[in-house]
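Below is one structure; the comments refer to it alone.
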2 protein chains.
Amino acid sequence: MNTFSEILKRNSLSITDGRIKILELFYASDGALAHADIEKNAGLVLDRVTVYRTLQTFVEKGIIHQVPTTDNSVLYALCRQNCANGHHHDNHVHFVCNQCQETVCLDDVTVPAVKLPAGFKPIQSAMIVTGLCNNCK
Amino acid sequence: MNTFSEILKRNSLSITDGRIKILELFYASDGALAHADIEKNAGLVLDRVTVYRTLQTFVEKGIIHQVPTTDNSVLYALCRQNCANGHHHDNHVHFVCNQCQETVCLDDVTVPAVKLPAGFKPIQSAMIVTGLCNNCK
DNA sequence: TAAATATTTGCAACAATATTGCAAAAAATA
DNA sequence: TATTTTTTGCAATATTGTTGCAAATATTTA
């Protein structure tokens with residue numbers, strides 16, 4: 001039994017070819033992936049709908065998280081510590097490279113707090129930095 | 001000649017009922033507007049396609065800017081200083097209220113700088129804070 | 001291991017959102 | 001006012017995402 005199967009098992013998900021394929025893609029990628037990236041690579045094996053459903057399931061289980069973007073595209077990336085709370089991943093900064101277009105989770109860079117005007121009560125913050133990544137500089 | 005006509009003229013755009021109607025909506029609104037908001041209010045006067053094209057034109061001219069969101073919806077808001085560079089509006093923090101769903105541009109709150117890992121060169125930053133706004137607290 | 005049960009997948013249909021070409025209409029210019 | 005330029009609406013099409021349901025696959029139980 002390989003790593004991917006273990007991840008699925010740990011999250012009480014059935015072990016299927018499609019899910020393993022998608023996990024492979026995420027682990028083979030440095031940055032974040034869009035639905036289209038996954039479909040392009042797994043589309044021969046998987047139906048469009050299955051890709052949508054798998055991504056949704058993985059987000060719910062906290063295996064991946066949705067990456068905020070400035071251009072309103074939808075990106076997903078692996079959660080480093082496979083944490084339980086699938087919806088509180090907005091605490092690290094996301095970096096989008098203008099050159100290679102990769103989106104990278106900067107797990108070690110936390111979103112700084114900002115002072116808001118009177119009356120505004122913050123609950124969650126997201127931050128996206130664009131520029132040149134360590135490969136493209 | 002009213003204010004809205006002046007704005008259009010200043011940006012070398014033809015003065016049309018549709019464009020004035022959309023400007024009115026933005027100036028009447030506190031926060032950011034989605035395409036759907038505009039269509040709902042101007043839909044009787046304007047075609048869907050015209051709304052899309054008008055928003056696009058306004059963004060190009062720097063009259064409005066696209067607001068980053070965490071839920072991948074597309075929002076637009078007025079540029080306060082009708083600036084020329086229609087693509088560098090990510091320097092103020094955007095606030096999304098969990099209660100009333102309004103998105104507000106916090107023009108006075110600038111996005112703080114963060115220290116990135118070696119090799120990453122920042123060019124632009126965006127920040128979205130969610131929580132409760134001054135009306136909903 | 002085979003049968004029973006539960007989960008997942010693919011297909012088809014549908015819905016929402018966005019884009020394009022083009023001719024008609026409206027606005028700006030001469 | 002006539003001419004030119006810009007804008008608009010319509011129709012068609014593309015893209016993205018969702019839902020129901022039956023077939024296929026995986027898991028569990030005996």
Side-chain angles (χ1 to χ4, degrees), chain A residues 1-2 4-25 32-61 63-76 101 103, chain B residues 1-2 4-25 32-61 63-76 101 103:
Chain A
M1 177 169 298
N2 65 36
F4 300 135
S5 303
E6 280 159 21
I7 293 172
L8 294 173
K9 190 153 232 172
R10 193 189 313 146
N11 287 283
S12 12
L13 294 172
S14 296
I15 297 160
T16 67
D17 294 351
R19 283 175 178 165
I20 287 174
K21 177 71 189 169
I22 291 182
L23 281 178
E24 274 173 13
L25 290 174
L33 297 175
H35 173 94
D37 298 325
I38 294 157
E39 207 188 318
K40 200 170 58 191
N41 285 290
L44 297 168
V45 198
L46 286 175
D47 188 77
R48 260 172 64 71
V49 177
T50 304
V51 174
Y52 277 115
R53 287 199 270 228
T54 303
L55 291 174
Q56 201 174 298
T57 304
F58 283 4
V59 169
E60 279 162 13
K61 293 293 184 177
I63 299 170
I64 60 176
H65 64 279
Q66 212 174 315
V67 176
T69 60
T70 41
D71 67 343
N72 302 99
S73 60
V74 184
L75 292 177
Y76 300 91
Q101 303 299 331
T103 297
Chain B
M1 177 170 300
N2 63 36
F4 300 135
S5 303
E6 280 160 20
I7 293 173
L8 293 173
K9 190 154 233 174
R10 192 188 314 145
N11 287 282
S12 13
L13 294 172
S14 296
I15 297 160
T16 66
D17 294 350
R19 284 174 178 164
I20 288 174
K21 177 71 189 168
I22 291 182
L23 281 179
E24 275 173 12
L25 289 173
L33 297 175
H35 172 96
D37 298 326
I38 295 156
E39 208 190 317
K40 199 169 59 192
N41 285 291
L44 296 168
V45 197
L46 286 174
D47 188 78
R48 258 175 73 69
V49 176
T50 304
V51 174
Y52 278 116
R53 287 198 270 228
T54 304
L55 291 173
Q56 200 175 297
T57 305
F58 284 4
V59 169
E60 279 161 13
K61 293 293 184 178
I63 300 170
I64 59 175
H65 64 279
Q66 214 176 314
V67 175
T69 60
T70 42
D71 68 343
N72 303 99
S73 60
V74 183
L75 292 178
Y76 301 90
Q101 304 299 330
T103 298

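These numbers come from the heavy atoms of this one structure, side chains and all, not from hydrogens, waters or symmetry mates. So you know, we letter chains A, B, ... as the sequences are listed, proteins then strands, and number each from 1.
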Length of the line joining A:D17:CG and D:dT25:P, which is rounded to integer Å: 10 Å
Could you state the atom-to-atom distance from NZ of B:K9 to P of D:dT7 in whole Å? 14 Å
Separation of atom CD in B:Q56 from atom C1' in C:dT17, rounded to whole Å: 14 Å
Between atom CD in A:E39 and atom P in D:dT15, what is the gap in whole Å? 11 Å
Regarding the side chain of B:S14, the nearest nucleotide among D:dT7, C:dT8, C:dT19 is D:dT7
B:V49 side chain, from C-beta outward: closest of C:dA18, C:dT9, D:dC10: D:dC10
From the list C:dA12, C:dA18, D:dT16, which nucleotide is the closest neighbour of the side chain of A:R48? D:dT16
State whether the side chain of A:K61 and the backbone N or O of A:N11 hold a donor-acceptor pair below 3.5 Å, judged by distance alone. yes
Touch class at under 4.0 angstrom, heavy-atom based, for A:V51 against every strand present: nothing
Between B:T16 and A:V74, name the one whose nearest nucleotide on DNA chain D is closer to the 5' end. B:T16
When you get a sec, tell me which of D:dT18, C:dA28, D:dT8 is the closest nucleotide to the side chain of B:I15? C:dA28
Nearest 0.5 Å please: distance from the OG1 atom of A:T50 over to the CG atom of A:D17. 12.0 Å
Considering only heavy side-chain atoms of B:R19, the closest of C:dA18, D:dG17, D:dT7 is D:dT7
Under 3.5 Å, is there any donor-acceptor pair linking the side chain of A:R53 to the base of C:dG10? yes
Roughly how many Å is it from CG in B:D47 to C1' in C:dA24, rounded to a whole number? 13 Å
Nearest-nucleotide pick for B:Y52, side chain only, options being C:dT9, D:dT18, C:dT19: C:dT19
Specify the separation, in whole Å, of atom CG of A:L8 and atom C1' of D:dA26. 12 Å
